[in-house]
Amino acid sequence: MELTTLSRKRSLLSGYEKEPPLYTKKCLKTLLDRYETDRATEHAKLKTSWGRPCTPEACVNGRSQLLTDTESFFQQVSSWADTQYSVKKVLEHLKFRQSSDDILLSESVNKKFLEFRCDITEECGAEDKQHSWAVIEKQEEVVMYGPYYPNYNNGEHSEDILIKQTQELLESETVSEEWKVYVFTMNSPCLARNTDPCMLNLVQKAKEWWSVYGVKTHIGFVKSWGFKGAKENLFRDINYSQVDCINQAEDHENYVKAAEKADLNPLCENLFSDVKYLQSPTRFSLINRVQGSDWKSYFRSMHSIFESKPEEEKKICTQEANTVIEAAQVLLSEKSGSFEEYLDKGGAFAFDYTFSSQVSDVIQDQMRLTFQQCWKEMVQDKYAEIIREKLTEDFNQCAVHVFIKDIVKFTKEYLEIGRMQFSEEAPQVV
Ligand SMILES: [Zn+2]
């Protein structure tokens, strides 16, 4: 991968020039003081694992407040490192749908990100796939570096490269407190992977960059990735029968009884509530959802109708079944419909279809019936798939929301994380 570092002089903002040099003695002293103070606590903390109690010598120096905050910060971060615990926490939040909206960047920071993104796009082209870039904004110039892409062969995420690069840039120069770090990542940094997740790494680095260099960090993203994005498999068992059973049950207790009766594996209460209170799509589109072999496989049982017929009749029937299945694709190319509308459409199609006269009446009737059954199963399957996707999307959004809310109370001095807003969206009132 080509490493791109763009460095450009920016014209200073009006009035900026009149300000005194920023790297004054006082600034330096504050910075050094903070560096020493934080280094002591950082040191103690880094030597132990996250969330361990503070060292007594640090407490006696009147830093108990700072230490308590640092301690709580690391406790909070380490609770997120325990994926099992944090997933459960997010599921509980999701149930009430109170934390499923995005946390947005403030208007001024968002504006910066939009400008930087414009520059990067101009230089490197637009990109929809996961990538990251960063900017160190100094008084007199803006250093942009990236874009970086993940390398899934060696498990490297784009943020890993970005963190390393930022660290090197900060280490190699005399950093001013006025510098700002902007980190862009298409998907919000991950909250789970087989090594330390990017979100936790970045938050920890932001704290370190603040402690050591006094710089603030801003993290902007476009999509909420949650723990593992679309690969989230928490909802994999939610098929149509489950959805139907949940929707019909008044509460979890009744659901469990009904599920056991229907030979379904009962879901836990959190998952039950997440599905129960989901804003199920009333209208949806099946276009592009079912194609090729997937489409054909739904109608496989139509062929078993004439399986035992003589060779010649079987040949005619096979051809006819293929024609019906092919013709039925027209049902998909129409605009969105409700679940019932889709079922009705399939029923009407089967009822109205004119079969070849070579196919016997008995086989024709069986084909109509079997088609309806296959069609119904397909619609149910796709409907459940849409529900799972919606749940995953809400869950991922909720995970990022809950994480930011958890962490912000400790990091608000030096870190801002949020989703980017584009001009077509309504501006946020800060
Ligand atoms: Zn990651």
Side-chain angles (χ1 to χ4, degrees), residues 1-4 49-50 73-74 76-91 102-103 105 113 116-117 120 124 127-136 144-170 181-209 217-234 392-408 411 415-420:
M1 186 200 56
E2 203 65 38
L3 180 93
T4 333
S49 64
W50 286 346
F73 169 80
F74 283 103
Q76 194 66 268
V77 172
S78 66
S79 81
W80 279 89
D82 178 352
T83 312
Q84 224 177 347
Y85 168 82
S86 42
V87 162
K88 201 168 159 239
K89 182 169 166 172
V90 176
L91 280 176
D102 279 322
I103 291 182
L105 288 170
F113 269 104
F116 297 143
R117 194 165 187 254
I120 292 270
C124 313
E127 178 66 272
D128 274 341
K129 283 191 300 199
Q130 166 59 10
H131 68 284
S132 307
W133 45 259
V135 174
I136 294 181
M144 297 183 175
Y145 42 105
Y148 305 114
Y149 295 88
N151 179 353
Y152 295 116
N153 293 331
N154 64 7
E156 191 173 51
H157 289 190
S158 53
E159 295 95 324
D160 296 327
I161 319 164
L162 186 142
I163 289 173
K164 210 169 139 249
Q165 186 68 14
T166 308
Q167 185 70 39
E168 276 171 21
L169 284 167
L170 291 173
V181 174
Y182 292 87
V183 169
F184 170 87
T185 173
M186 190 69 179
N187 297 317
S188 64
C190 63
L191 280 162
R193 65 164 159 166
N194 50 13
T195 173
D196 293 340
C198 299
M199 186 69 106
L200 306 190
N201 287 343
L202 272 163
V203 167
Q204 215 196 341
K205 275 291 169 192
K207 186 176 171 60
E208 190 186 313
W209 295 333
T217 302
H218 310 84
I219 303 172
F221 57 87
V222 178
K223 283 181 222 152
S224 290
W225 183 255
F227 292 87
K228 36 188 170 173
K231 289 196 194 111
E232 185 54 68
N233 55 11
L234 272 171
T392 306
E393 195 184 307
D394 287 1
F395 174 81
N396 290 345
Q397 211 165 10
C398 186
V400 177
H401 181 116
V402 176
F403 175 82
I404 298 175
K405 276 278 153 82
D406 262 7
I407 225 76
V408 78
T411 62
L415 174 67
E416 183 175 339
I417 315 176
R419 183 169 73 76
M420 271 179 78

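Numbering starts at 1 and runs along the sequence shown. Predicted, not measured: the structure shown is a model, and the values here were computed from it. Order of appearance sets the numbers: ligands from 1, and atoms from 1 within every ligand.
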*Where the side chain of Asp406 meets the backbone of Gln76, is there a donor-acceptor pair that is under 3.5 Å apart?*
no

_Can you tell me how far apart CE (Met144) and CD1 (Ile120) are? Round to the nearest 0.5 Å._
5.5 Å

*asked:* Among residues at least two apart in sequence or on other chains, which ones pass salt bridge (charged side-chain N to carboxylate O under 4.0 Å, His left out) with Asp82?
replied: none

*Tell me, which pairs form a ring pair (Phe, Tyr, Trp, His ring centres under 6.0 Å) where one or both residues lie in residues 182-201, sequence neighbours left out?*
Phe113-Tyr182, Phe116-Tyr182, His131-Phe184, Trp133-Phe184, Tyr182-His218

*Main-chain N/O of Asn187 paired to Gln130 side chain as donor or acceptor, under 3.5 Å*: yes

Quick one: side chains of residues 222-234, donor-acceptor pairs under 3.5 Å with protein atoms, not counting sequence neighbours, listed by atom name and distance.
| from | atom 1 | to | atom 2 | distance (Å) |
| --- | --- | --- | --- | --- |
| Ser224 | OG | Asp102 | OD1 | 3.1 |

*In the shown structure, where waters are left out, how many protein N, O or S atoms lie under 2.8 Å from the Zn ion (ligand 1)?*
3

